[in-house]
Every structure is written in structure tokens, then in C-alpha cells.
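Here's the structure we're looking at; comments come further down.
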Amino acid sequence: RRMAALQAVVVRDGHVRTIPAMELVTGDVVLLEAGQIMPADLRIVECHSLRMQEAALTGEAHDVTKHADELHEADLPLGDRLNMAFKGTIASAGRGRAVVVATGMQTEMGKIARLLDEDTTSTPLQKRMAVFGKHISFAVLAICGVLFAVGYLRGEEPMLLLLTSISLAVAAIPEALPALMSVTLAISARRMVKKRSLIRRLSAVETLGSVTTICTDKTGTLTLNRMRVEQVALPAEVEIDPTLRERFFQALALSNDVAQDAHGAPLGDGTEVAMYEHALKNGYDKSRLEPAMPRVSEVAFDALRKCMSTVHRVGDEHILFIKGAVESLLERSDGRDGTWFLEQSEAMAKQGYRVMAIGSRAAIPAPMPDDPTMLEQGIMLLGLVGLLDPPRPEATAAVAVCLRAGIRPVMITGDHPQTARSIARKIGILTAQDDGPDAVVSGKELTLLSREELLVRVERIRVYARVSPEQKLNIVSALQENGHFVAMTGDGVNDAPALKRADIGVAMGITGTDVSKEAADMILLDDNFATLAHAVREGRRVFDNILKFIKYTLTSNAGEIWAIALAPMIGLPIPLLPVHILWINLVTDGLPGLALSLEPGEKDLMERPPRHPKASIFAHGLGLHILWVGLLMGAVTLGTQAWSIHAGNAHWQTMAFNVLCLSQMGHVLAIRNSRSFFRTPLFSNPGLLGAIALTLLLQLAVTYLPAMQSVFRTEALSLQEFLIVGALSTIVFIGVEIEKLFARRAPSIEQA
Ligand code: ADP
Ligand code: MG
């Protein structure tokens, strides 16, 4: 939670920096941006198309447009205080600057002290286990009832019988399973954060293993977001006209939100920094130009418009600079023929460049229009820049891992189709076989498809380009309707609905907005696709281990039930005392079982298809295993008991107690890996070895320490007896190893 805490961008000592929202004080100057959740109550002092989603505070469903002017009426209701931004509300568009006027409990939100709607619901598996636990409880209670009745009729002592039945019920009902599952998931969430993925909802750890499709962003996730201008293309008329040429570079230098940190290094969006630096290299320094051409207004970038513009005052005149996708600029152009720009940008995109068009509007009529659409028109396109954003070196390997694991990575980007295709080919999302007209689709084509067509097409598409965030929601739901289990990455405000809708919503730690993080199930702290692939692997490992854990616990319980319930049927006294049953339940079952969650993954973890999220956990032979191994465990215990009673051995109870306990140790060693025990590295899970050693030590103490003997009614075993106990306890181990041998010989149908 602390790692996912809200951050605020402040200006302190003239420098922009990001601090935890908790450290804000009254008087701090905060920079606002679309996607942020307000960290405090703020008086807005400057803003550009800033809109707020205040439903959390006022219940007003529509966004409110804010301004920085004075308000003169007293006691305005919250919803009418248009120059204020309140803690907990969301900036849905625009940009601004504001002063903190109240923090924490002094804020309007604090006054309401609304409880956070944290959902602490359990995971799907936990829910199923809870239901299963209830069923088992009834079955066990029935068995205990029968046990008591039969014993009573046979004339056994009622008090002991009652205690035995109750202890058996306590031991056999897996009441701790859901809690232990939470612990296991939490331990693994902690491991994952060390590998740069921050889990916001514990259930995500478990469901990650079921992902069949990953919809991923391109810029920053598959690529480094370390952009450089590699190409500049100017039309002939600009090339020969020094004024227009100059204007092109001024636009590059000025039309961005790049700031400088304390050391003078540029700070900001990767695309913008690249252009800023290119201008600087050509002698156009933003900090030198700005005093003569101060920025007076702007229309902020958003992923829907795919462009942004700034207005600067030069003497008495105003000039507008705009940059963004070529299509977006042409829509706003002065009507000149745009063919050259379209062809040129297509050619650059084909080579993998991220292409940005630059334009300007020189003479803006005197009262400057407020309306963005009125402002952004009559644009003259000045030129194109091609930016290169190299793929992340680890992305190719991560994509290959996903494909082998039956997971299909799909790219969704706002960028040009050709740029997207080129990157997708480079990192293997698009292979030579897949590539075709069907494999890449643009947002425009997407809007023309009917729902039915989309459901068909979605199976072939690997790259979605020039899509708007709203379309992401359609893509996710179409995939889900086709039965896919979808993980989806996103960073913007508008991505939140798609992240919520996806089975696993994944936000970006570095570039992500607060809103996207709030909506997500997990956060990639390094924005890296490879981290996501790794998290899936971890999810599969955890799920495997939880299954092993369930296998171990339920088999042990079954063994105890068989031993106790069958004894009277075959004319033996009940082998264990209530205190033995409780001891086994607490120590023998608990420690090694928990240590199973530390098992490193199976070798084929990322080579098998995803687990169906609705598949029964008792498929793949788990139910059968619990039945037969439980029975074997009970039989070995009863066999030991029968044999030693027959041989006139006075220590039969202690022997049976120890055989059951040691058999369980053998069982845990056999099920820790589906490969042969002898081919699994012994020390790959020191936790498990430690747990077993500790259990053995405690078992020895119970058997040999006089103080314990009086509590547990045990008797010291002779060396010979002890060796016999040890030998008999290997039977279960050997049995399960043979089972694994057969399972490997006959690969399951699903894998074939
Ligand atoms: P993605 O992150 O999927 O690569 P974006 O949504 O960031 O795509 O960008 C989509 C398009 O919007 C880009 O191809 C570019 O034309 C334009 N664009 C991106 N960043 C900016 C920006 N800072 N200013 C203006 N236009 C931008
Ligand atoms: Mg982007």
C-alpha cells in the first residue's frame, strides 16, 4: 500500500520534483495534469482546459471545467467553486498549477471522512475452497458421528470416543486453508515487488496464471521510451524559406512541457524531450527563446486528439505551434494539399520511425478564441520529424516466452500502423507467417466493423494502431467474449475503464496516471513488458504451489480419517489419542505444507498452456490422489498397529503415531515436484528441508523427552522399533514416486 501511495508533482525552490502526497504542506505549488487524483485541496492559479471529475465529492456525474479566476460570492456549494480542486477528485483533462490550501483531514474530503472502498474480497480459488471446505465439513461431521455411534455400540468409553471424534473433526476440516492461501499469495506478492511488479489486488497473483492474451502498450513498455530525432523532412517551400525554417525549429523547441531538473537535465515526456533536444542541437534553446515568445495559452495533448498546441506572444501578435499525428494536423490544416506529408510519413513509419508532424498558425485574430477547435484551425504544416525508439532488449525474449506458454501478446498503440508493425516484427509479436493485411488494424477500420465481424477478426489481429483509449474497452470485451483471459496494460486517464474490464488490469509505474493505477490490479514499476511476463510465471508458480499445498493437506487429512475410522471396522482399537491428532494437525500438516509455497517452479511452468480459470482444481488426478494416497497412509498406519499388537509390542500406539507422521514427511518430499525426487535438486527449497527437519526433531522430542511423554502418553522406542517405523514410512513416498512415473509416461490429454 505504501508503495502504491499517491504522489504529487510540486515546485519547490524553483525546481520541479515528485514527492509523496503525504508530505505536501499548505502553500506548496502543485502541477496538475490529466489523470491525477488531487492530493490535497487546491486553489487553481493557472489552468488550460482543466476538467475535473468530482463525482466522489459532489455526486455530479459530468466533468466540471475549472478556471483560475476569482469568485466573489460567499458560501458557494463545493460544486460551484470552480477555481478549486478538491482532494480525491480526478483531473480528467488539461493541465494546471495550483496552491495547496488544505491537506489531510482538513480537506473537504477529509471532513466527510469517507471510508475508502477498498475491496478485500477473496480470490476465486479461495471462494471455491470455502465452498469445498463447507462440503468437507459436513462429510467429516457425518464420519465422526458414525465413528462415535459404532464405538459406543461396541462399548468403548464414551468420553474418549467423544474427544476422538471432536479432534478428528478439528483435524480433518481444512479450516485454515483460505487463511494459508492468503499468506502464500502475500508472500509471493512480496517476492514480485522485488522483481518490479506491484500487486494491488491479491487475487491477481492467483489469476495471472490463467492469462491467455496480453494486450500491451508499445511506447515505453515494449520500447525503451528513449527517443531521438533521427530524421527531419521539410517540404521544399519550407526548406528554401528561412522564416518558415526558423518557425519549424521554434515549434520544436517551444511546443512542449519539457522542464529542467536541478542539474539542467530535461524532464518530461520522451517524445517531447527528443524534439526539445533536437532543437537545442540546432541552436534553438527553449530557455533563451521563451522570454521573447512567452507561452500564453495551450490545448493539452490527449490520446484521442493525438496532438497538442501552444500559443505564444511575439510582440503584439500571437502564434500557435502544434505537433502531433499527421492525420490530426491535416484535419486542422489550412486546406493546402497534404499528399506530400502523408506519403512522406508513411515512408518514414515503414522504417519504424515514430512520426510527428509540426505545424503553425501565424496570424491569430485579435480576441483570441477560447474554444480549442476555433484555435486549432488554419494550420500550416511545416515538416515532419522521425523519432526512433529502440525496442527493449529483453522484450523479444519475453514475447517468445509468452508464445511458448500459450499466451498471445497483442500490441495496442496510438502510433502509426506502419511504425507499430515495424516494432512488432522486430520483437516477434508479428512473425512472418502471421503478418498480413488481417494482422494489423487501425482504429478507423475498427470503428467500421460490426460486433460480429470484430469477434471473428480479433482472433487474427496482432497489432492495433491509431486506436483511441475508448476502443481498448471494445477490444478487451471482444476477446473476453471469445473466451480469452485478458491482461491489459494502460497508462492514461481514458485507459481506466479498459483496465477495470480486463481480467488483469496492469498500470505503468513510471508513466502511469493515478487514475490508471487506481483502476489496475497490478503496477509494473519499471513499465517493462518483460516484468509482466515474469509476473505471469510467478502467478503460475504460486498456483501450482497452492495446489501442492492443498494436495498435501487434504491427503494428510484423508490418511488420518481412514486410520481412525477404519480401525474399529477391522477390530482394532483407535490408533491415535486426541492429542496425537491435534499434534499432527498443527505441526506435521502445517509447517511442511506452508513451506511448499516456497517451491521453485516446475521446469515446464512456461511451456504449458494457461490453466483455464474455471477448471476444477480436482481435475488432473488431484481428487484421485487424495483418495488413494490417503487410503495408503491409513493402511500403513493400521498395518503397523496390527502387526505390533500381534507381536505383543507394548509400544504400538507410539509406533503408529510416528509412522503416520513420517509417512507424511515422505509424502511432502514426493509431491514437491512432478519430476522424480531423485532428479529434483534436493536443496532447491531449503525452507521445506528446514520444516521437515524441525518436524522430525519435534517428533523425536515427543517420543523421547519424559516431560513430553507424559503429555502425549508416548513411550521411548528401541532402535529396532525406530528403524522399522522409518522403513514402513517410506511406503507412501515410494508409492507416490511410482504414481509420478506413470503420470509422466502418459501425458495428459490436455497437453497433447
Ligand atoms: P503510444 O503511447 O501508444 O505509442 P500515444 O498515445 O502516446 O501512443 O501517441 C499517439 C500519437 O499521438 C503519436 O503517434 C503522436 O502522433 C501523438 N503524440 C504523442 N505524444 C505527443 C505529444 N507529447 N504531443 C503531441 N502529440 C503527441
Ligand atoms: Mg504514450
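For ligands, and for the atoms within them, numbers begin at 1 and follow the listed sequence. Predicted, not measured: the structure shown is a model, and the values here were computed from it.
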Closer than 4.0 Å to some heavy atom of [X] - which atoms of ligand 1 meet that?
| X | answer |
| --- | --- |
| Ala325 | 16 (O) |
| Phe301 | 12 (O), 17 (C), 18 (N), 19 (C), 20 (N), 21 (C), 22 (C), 24 (N), 25 (C), 26 (N), 27 (C) |
| Glu272 | 22 (C), 23 (N), 24 (N) |
| Asp415 | 8 (O), 14 (O) |
| Gly414 | 1 (P), 3 (O), 8 (O), 10 (C), 11 (C), 14 (O) |

Stepwise salt bridge (charged side-chain N to carboxylate O under 4.0 Å, His left out) check, Lys472 with Asp217
CA-CA 11 Å; Lys472 285 187 169 187; Asp217 282 340; 3.2 Å; yes
Listed partners of Glu290 passing salt bridge (Lys or Arg N to Asp or Glu O under 4.0 Å), at least two apart:
none
Judged by non-hydrogen atoms, does Asp269 sit under 4.0 Å from ligand 1?
yes
Min N/O separation Thr271 to ligand 1 under 3.5 Å
no
Any Lys/Arg nitrogen of Glu538 or Lys195 sitting under 4.0 Å from an Asp/Glu carboxylate oxygen of the other?
no
Decide, yes or no, whether a salt bridge links Arg392 with Asp527 under the criterion of side-chain N to carboxylate O below 4.0 Å.
no
Pick from Met411, Lys218, Met308, Met356: the one approaching atom 15 (C) of ligand 1 most closely through a non-hydrogen atom
Met356
Evaluating non-hydrogen atoms only, which member of Lys306, Glu327, His416 is closest to atom 17 (C) of ligand 1?
Lys306
Aromatic ring pairing Phe321/His312, orientation class (parallel under 30°, perpendicular over 60°, tilted between):
tilted
Does some side-chain heavy atom of Val486 sit less than 4.5 Å from a side-chain heavy atom of Arg501?
no
Any ring pair (Phe, Tyr, Trp, His ring centres under 6.0 Å) pairs touching residues 331-362, not counting sequence neighbours?
none
